[in-house]
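Since the structure comes first, as structure tokens, the remarks are kept for the end.
These values consider heavy atoms only, across backbone and side chains, with no hydrogens, waters or symmetry-generated copies.
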Amino acid sequence: MRPTCWRQVLRPWGALCCFLGMGAGVCAFCREWAGLEDGAGASTRERAGVAGLDVLRDAVVEMGGVLMVCDSGVKTLGVGAVDLLEQVQVVGLPSFFDRAGNARQLVF
């Protein structure tokens, strides 16, 4: 799936979408996210013409989506601020719900 297709999927959600990575999901918000999945899964999706999580993440960032990671997941995985994408905020779950307000929310 091309990034333009992801935009069509996400557009109906409204102006603000908030994504929170918890546990191993924190890896999806890192510059290098080898810990999220093995290369075989990504290769299988690519051969099938299905976009990977990296394509979705890039489309969300391009559209102004808010990316957050759970502080406990960051600590558990030993991820530092330098490992995360520049626009990712490190928050606790209560802060996520507070900041997300009435926005659409995805937690993984």
In sequence, state the C-alpha distance, the side-chain angles, and the governing distance for L85 and R57, and then conclude on side-chain contact (heavy atoms from CB on, under 4.5 Å).
-> CA-CA 11 Å; L85 293 171; R57 180 185 71 182; 3.5 Å; yes
Could you please spell out the steps behind the side-chain contact (heavy atoms from CB on, under 4.5 Å) verdict for L20 and V91?
-> CA-CA 9 Å; L20 176 69; V91 300; 4.3 Å; yes
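Note that the CG atom of D98 and the CG atom of L93 stand 11.5 Å from one another [nearest 0.5 Å].
The minimum heavy-atom distance between L77 and A24, with the atom names listed, is CD1-CA, 4.0 Å. Nearest heavy atoms, V79 versus C30: CG1-SG, 3.8 Å.
Put simply, the side chain of R99 never gets that close to the backbone of M68: no donor and acceptor are under 3.5 Å apart. Side chain of R31 to backbone of L84: a donor-acceptor contact under 3.5 angstrom is found.
Between Q89 and L67, the closest side-chain pair of non-hydrogen atoms is not below 4.5 Å.
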